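These notes concern the structure reproduced below.
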Amino acid sequence: MPADGGIGASTKRREDVRFLTGNGNYTDDINANGQAYVYFLRSEMAHAKINSIDTSDAEKMDGVIRIFTGEDFVEVGGVPCGWEVTDRFGNAMQEPRHPILAHGKARHVGDPICAVVAETLEQARDAAEAIELDLEELPAVIDMKSALAEDSPKVHDELESNLCYDWGFVEENRDAVDEAIKNAHHVTTLELRNNRLIANPMEPRVAIGMFDRTTDEHTLYTTSQNPHVIRLLMGAFVLGIPEHKLRVISPDVGGGFGTKIFHYAEEAFCTFAAKAVNRPVKWTCSRSEAFVSDAHGRDHVTKIELAMDEDGNFLAVRTDTHANMGAYLSTFAPSVPTWLHGTLMAGNYKTPLIYVNVKAVFTNTVPVDAYRGAGRPEASFQLERVIDKAAYEIGKDPIELRRQNFITEFPYATPVAVEYDTGDYNATMDKMIEIADLAGFEKRAAESADNGKLRGLGVNCYIEACGIAPSNLVGQLGARAGLYESATVRVNATGSISVMTGSHSHGQGHETAFPQVIAEMIGIDPSQVDIVHGDTSKVPMGMGTYGSRSLAVGGSAMVRATEKIINKAKKIAAHLMEASEGDIELKDGQFTVAGTDKSVAWGDVTLAAYVPHNYPLEDLEPGLEETAFYDPANFTYPSGAYACEVEVDPETGKVTIERFSAADDFGNIVNPMIVDGQVHGGIGQGIGQALLEQAVYDEDGQLISGSYMDYAMPRADDVPFYTVDHSCQTPCTHNPLGVKGCGEAGAIGSPPAVVNAVVDALRRAGQDITHIDMPLTPSRVWQAMQS
Amino acid sequence: MYAFDVETPSSVAEAVAALKDEEATALGGGQTLIPTLKQRLAAPEKLVSLSGIAEMKGISTDGGVLTIGGATIHADVAAQGDYPALAALAGNIGDPAVRNRGTIGGSLANNDPSACYPAAVLGTGATIVTNTREIAADDYFQGMFTTALEEGEIITAVKFPIPEAASYQKFDQPASRFALVGVFVAKTADGVRVAVTGASEEGVFRWSEAETALNKEFRSDALMDLNINAMNMIGDLHGTKEYRAHLVKVMTRRAINAIG
Ligand SMILES: Cc1cc2nc3c(=O)[nH]c(=O)nc-3n(C[C@H](O)[C@H](O)[C@H](O)COP(=O)(O)OP(=O)(O)OC[C@H]3O[C@@H](n4cnc5c(N)ncnc54)[C@H](O)[C@@H]3O)c2cc1C
């Protein structure tokens, strides 16, 4: 073993058996004895003063157990923010209180005002209709730039303004960058919007709170990507429940894409209410509710300038971004437009001077936080778009302009505070050119023209920082959490293994990929290894899954714990074979003594560990179980080159994606098939952002695209068959697996490729178009062609 | 949803009787009505399901007229071969789940301004048959979500005189995939008919200037000098008024070209 099941094998995902046969165990599948249901009465106004709430009639209705309002939560903490950003003047960001239920004011459509707990959901809804709300509508703050005007109404009256922070990075470079741009031979400027998205995981959020009066123990079942983070935030900061009295379980979770990282008010509500009414309390989010209560993503308005010398060498980049925070600060919201965005602004290029300014703004909209890629897609999009525009302006081939500015020596310290450990951007570019058959483009373009279609080609590179993150570093940057990961490897007496990991799988395939690593290390069949995750009472405190960190950080913790296991097992084997420990080798599940034919099997050693009759008890504890906490030394830096070919129907403006090729460098690969799937999914979401998806508010703060009638999700026929390749591998230098992470790459690399391609198609048709804002809907493309 | 009762009559007469009750509403395939109920936007006390009425189901052709029972599902219309343009239209409504529940009667009673069937009915010059009368297509559609149907009146069948040739060209709204603009062009015994759905604030309409031009000369070039007034067009997130007006012309041209 395990050539067929270890590292590098495209093992089929074992979890799919239960998912595809309808046997998954999702939070909504869980029902507690005697559970009650909660219905949240949410604000239909974007901004309103709550004059009064009369629940007296509603309380008398059938089945009502109790109705809660903001008043019931004044004694407990608000929903906390997990990251404090310091502004460019050295001041802490403005951080408003985020009450569990709106108190005093409602601040976005969907802000929960009352919670009705009843015997059935229908009874709770009936009672909610009988609540008399006296709301006084206030002018809504929607547009970010107007929100910063002197005379703008304020989302939070207790704050000085709607500005959360004005962040500058690297502040010391500000003047030098200004100077470089002023004196540059050529400066390309691009203004753009990174459209607001709604993640739409297939499974909506669910929470079930329970309380055991005999033990004082709370249990929360929730659809979370990181149950321990919820336990810490909710236990310590909201409800004041000590962690040994609070168990958080996230069983099967049907997709997250970031939006299930955050601690939400509904989780705290169900936990609180279960004790208050002495009944389990269940909430299942409806799809309509998800649109106005799940954190949204992106929503940046940006101006980027790229300065070049006469040969096209990049001299400086300056960006100015307004980032929408929504009405409250969601858990990691402040970090997204800052540390996850500004630090990536070097991209794959050796631009010496970079300055990033970000103004984060409160508006009367749903809170905005991390969504697949989180900050890095926003960085990559503007940079790759401005480079494309620059190439056009100075008449250079976009690939050559990129190559000429590539970073080619590693490690490379960027001017935006990160150090890329490895990479080979020319290699991925070469690979992309090959798999995308760029040589055949002109022929295909001619065929398209014969069919009355305009064909365009978009290429771009991307880099991301993932495998987040070194705890001491993020601590300095304002994180209120560590970002290590944990694993306990428990070897059973007969040699099978349970791995308790702090990573959380909600579609990523950990149950398949993680065992492949252990199987490889020990030389046993992967079926002997099972993964346990998602329950704070079972796994050591871990930080969960996001930022493409599971294998790079969680997998590394697992490797470290397994190394400890192997070390101890070798000691036992040495004892059994009466050899010296230094001579023991482990291969294919057999311990051997170098230079002899002595051997003892893995199972014999594990049995000896638990039945320690013949065992060095004076030197070694019995048992075979080890825990490791792994804190990464650096981020990992996956990178790649993408190519997209589109056809534009000049009569209707409709864009179809004809070819899409992705050459990624993810370092070492554990399961190529799962990596393919991650890239496919990421590109699908990126195409969704580029062509289809947009969360749009009107000026009154109503979400116009508040259902699938108006919010366009990508469907199978919106995406092509992808050509993906990850044979370019420069292994990460600082984690034991040499892996970089692949979860977000597709979503980061694809939007600029699509937009570059559409702009290229229109330019080839003689249109003087330099940019169209996403999503490139037929009507927008047509409109652009009219002017 | 609020609680309601369901009745399942097996004849039109029983259904009509059941619908006399003021609080009763007819239920076709439920593809529009059930989501409305789920959102508590309607609160009928009783649903009268039409799907068990045999006389309202099925498709037959007689003397050049295709008759479709009012409770016939889209999938069945898509499968018939006597009127290919109509089959193609039905086969492109929604997804398989919608096509296997949704009915022609439900679609026409609802008269969504972006629905497909209204374009076919108006474009073919079909006749709506109800439990009390026959209504010509030109009299039936009276604006967005408004029809000539009286309270409790049931569409029992639709009669399509099969045209010489016809084509429906639909440009999908990207999210819902209803028609952002759909144009149905038919060459009928009484001349060319052009019906447009998805585009107008007034619901489905006939583009009479195009009909006149095409009756003179059935070529897409005949439309060259025509322009549709954008004023009454729908303008929304998915397309401005001008874009819709433009698409009407493009889709009409494509329909003409498809007919050949
Ligand atoms: C996801 C999705 C996609 C869709 N896409 C399209 C599309 O692309 N194009 C399109 O045209 N439509 C589309 N539809 C609508 C679909 O065609 C519906 O089936 C149709 O609008 C309603 O038909 P129904 O039989 O389901 O009616 P119901 O929802 O049951 O009823 C609708 C209304 O009609 C009344 N009614 C029903 N039957 C009769 C009758 N025989 N006589 C009198 N009144 C009656 C009901 O009382 C109700 O008021 C889509 C629907 C969905 C859910």
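Just so it is clear, the structure is predicted and the values come from calculations on it, not from any experiment.
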Is it the backbone or the side chain of A/D649 that comes under 4.5 Å from a heavy atom of chain B, or both, or neither? side chain
Sidechain-backbone polar pair: B/H238 side chain, A/P778 backbone, donor-acceptor under 3.5 Å: no
Below 4.0 angstrom, N of the basic side chain to O of the carboxylate: do A/R715 and B/D172 qualify? no
Quick one: pull up CZ in B/R177 and OH in A/Y708 and give me the separation to the nearest 0.5 Å. 14.0 Å
Quick one: which residues of residues 249-260 of chain B reach chain A at under 4.5 angstrom, heavy atoms only? B/V250, B/M251, B/R253, B/R254
Heavy-atom pair with the smallest gap, counting every atom of B/Y243 and A/T652: OH-O, 2.5 Å
Looking only at atom types and distance, does a side-chain atom of A/R780 sit under 3.5 Å from a main-chain N or O of B/G239, one as donor and one as acceptor? no
Does a donor on one side chain sit under 3.5 Å from an acceptor on the other, for B/Y2 and A/E129? yes
Is chain B contacted by the side chain of A/M713, its backbone, both, or neither, given a heavy-atom distance below 4.5 Å? neither
In terms of heavy-atom pairs under 4.5 Å with chain B, the winner among A/E693, A/K654, A/R125 is A/R125
Identify which of B/P174, B/A175, B/A3, B/S176 forms the greatest number of heavy-atom pairs closer than 4.5 Å to chain A. B/A175
Contacts with chain A made by residues 96-118 of chain B (heavy-atom distance under 4.5 Å), listed by residue number: none
Under a 4.5 Å cutoff for heavy-atom pairs, which residue among B/M1, B/K38, B/R40 has the most contacts with chain A? B/R40
Could you check B/Q173 against A/T777 for side-chain contact (heavy atoms from CB on, under 4.5 Å), going step by step and ending with a plain yes or no? CA-CA 10 Å; B/Q173 192 257 54; A/T777 59; over 6 Å; no
Going by the rule salt bridge (Lys or Arg N to Asp or Glu O under 4.0 Å), which residues pair with B/D236 if we only count those two or more places apart in sequence or in a different chain? B/R244
Answer yes or no: does atom CD of A/E44 have more than 12 heavy-atom neighbours from other residues, nucleotides or ligands under 6.0 Å? no
Close contacts, residues 199-227 of chain B versus chain A, judged by heavy atoms under 4.5 Å: none
Yes or no on side-chain contact (heavy atoms from CB on, under 4.5 Å) for A/Q783 and B/H246, after CA distance, side-chain angles and deciding distance? CA-CA 11 Å; A/Q783 204 70 48; B/H246 167 76; over 6 Å; no
Using a 6.0 Å cut-off, check whether atom CD of B/E22 has over 12 heavy atoms from anything other than its own residue. no
Are B/L237 and A/S705 packed together at the side-chain level, in the sense that at least one heavy-atom pair is separated by less than 4.5 angstrom? yes
Atom CG in B/L247, atom OG in A/S779: separation rounded to 0.5 Å? 9.0 Å
